[in-house]
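Counting convention: from 1, in listed order, for ligands and their atoms alike.
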Amino acid sequence: MKLTRIELHWVRLPLVAPFRTSFGVEYDREALLVKAVTPDVVGWGECVALPQPLYSAEYVDGAADALIRFLVPAVSALPDVTAAAVGAALTAVKGHPMAKAALEIAILDAQLRQANMPLADYLGAVRPAVPSGVSVGIMASIPELLDAVDGYLAAGYQRIKLKIQPGWDVAPVRAVREHLGDAVPLQVDANGAYTLADAVHLARLDPFELLMIEQPLVEDDLRGHAALARRLRTPICLDESVTSPARAVEAIESGAAAVINIKPGRVGGYLQARRIHDICAAHGVPVWVGGMLETGIGRAANLALAALPNFSLVGDVSASDRFFARDITPPITMRDGWIEVPTGPGIGVEPDDAALKEASVRSEWIDL
Ligand code: SMG
Ligand code: MG
């Protein structure tokens, strides 16, 4: 395939409500979209970096800079641009997995549109629809949290994830568990806000039958997670810590992770995500697809990934209206707790021109 141009589109979408985590609060989604233009088709990808380097080291403008200065030039030097070749062409550049993932999926989308093949088929999907879970931010009060959770359950979400941090953990989890009863699948995510010294405190979550506690400790502390796992009954899921297939193996073999949250952006792309999926399957470790408040572009691609066989746990892939009044693609909708995997070629969706224009902050073109 020949690439003629890469376009970067900065967009800003207001959130329907602020989303608070242990590391910050988002009021809108500032995102970066990558468009791969070929003589025949175009492909789209979403870079999931946040505007500030608080979830991981990457941030929107840093990712854009890496794309413009290093990643796009490396790909444009390829004699034949294919998604399978992109990963190898980018390995010389250290880090920047979210920027790399966005470029790779934009190219893959174009390639699959040309071949008239859905991303789900290309990845090896086995389900036409995936169950939908929702991640619920830290709130100002427990009544406000219970209201929000009630709303999501009424909408049909099959699993609730509560964001926690020191000072917002045992009490809200107890309140939600008592309010909902034992049947509702419930889990928590700390985004690395605790230390091993909090082990006794975190063990107070054990009675609430959580599916898992996600990323309790900082990203680089696999040994700490393994030690914590020995002191908790609640299984530990790793998100930020798992940045590559090698890290996945290490996390599993060290006992640091019983479950893994796979985010294509965090691991450098959908092909790496699939490799980690396969490794986890071989180790008997269940996985689920995480979310980064994606627009419909990233959400559609995540649905294809979530349809692979070892994505046996409910992921953070919710409907567009969980976050946005107006998505930049036709809205991704959930029915009775399920979202259909797109069936069109490539990622199966494209931005709506008017919606993209409304959300647009600025764009830059790189002619090749
Ligand atoms: O897209 O549904 C979503 C968000 C899910 O909680 C979510 N993501 O650590 O898993 C996580 C967070 C990262 C983004 S927080 C701004
Ligand atoms: Mg997480």
Quick one: which ligand 1 atoms are inside 4.0 Å of a heavy atom on [X]?
X	value
Glu214	10 (O)
Asp189	9 (O), 10 (O), 11 (C)
Asn191	9 (O), 11 (C)
Ser135	5 (C), 6 (O), 7 (C)
Lys161	6 (O), 7 (C), 10 (O), 11 (C)

Member of Met292, Arg12, Glu294 meeting the side chain to side chain contact (heavy atoms under 4.5 Å, CB included) criterion with Arg29: Met292
Whether the [X] and [Y] side chains hold a donor-acceptor pair (N or O, under 3.5 Å, no angle test) is what I'd like checked.
X	Y	result
Asp327	Thr295	no
Ser363	Glu7	no
Tyr55	Asp239	yes
Tyr157	Arg322	no

Part of Lys163 within contact of ligand 1 (heavy atoms, under 4.0 Å):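 Looking at Lys163 and ligand 1, just side chain atoms fall under 4.0 Å.
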Proximity of Thr21 to ligand 1 by residue part, where a heavy atom lies under 4.0 Å: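 Side chain only; the backbone of Thr21 stays clear of ligand 1.
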Backbone or side-chain N/O/S of Glu240 under 2.8 Å of the Mg ion (ligand 2):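 No, Glu240 does not qualify, because none of its backbone or side-chain N, O or S atoms lies under 2.8 Å.
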Contact check: Glu214 to the Mg ion (ligand 2), N/O/S below 2.8 Å: yes
Contact check, Arg322 vs ligand 1, heavy-atom distance below 4.0 Å: no
Close approach of Lys263 to ligand 1, heavy atoms, under 4.0 angstrom: yes
Nearest neighbour in protein (non-hydrogen) for atom 2 (O) of ligand 1: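 Going atom by atom, the protein heavy atom closest to atom 2 (O) of ligand 1 ends up being Phe323 CE1, 3.3 Å.
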Nearest protein heavy atom with distance in Å, relative to atom 8 (N) of ligand 1: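 Going atom by atom, the protein heavy atom closest to atom 8 (N) of ligand 1 ends up being Gly291 O, 3.0 Å.
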Does any N or O atom in [X] lie less than 3.5 angstrom from one in ligand 1, N or O only?
X	answer
Leu293	yes
Phe23	no
Asp239	yes

OD2 (Asp239) - the Mg ion (ligand 2) - OD2 (Asp189) angle, nearest 10°: 180°
CZ on Arg113 to OG1 on Thr38, rounded to 0.5 Å: 11.0 Å
What I'd like to find out is whether the side chain of [X] reaches to under 4.5 Å of the side chain of [Y], using heavy atoms alone.
X	Y	value
Val218	Asp221	yes
Trp365	Val37	no
Ile236	Met212	no
Ile105	Trp44	no

Any donor-acceptor N/O pair, Tyr194 side chain to Leu202 backbone, under 3.5 Å: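 No; judged by distance alone, with no hydrogens or angles, the pair does not exist.
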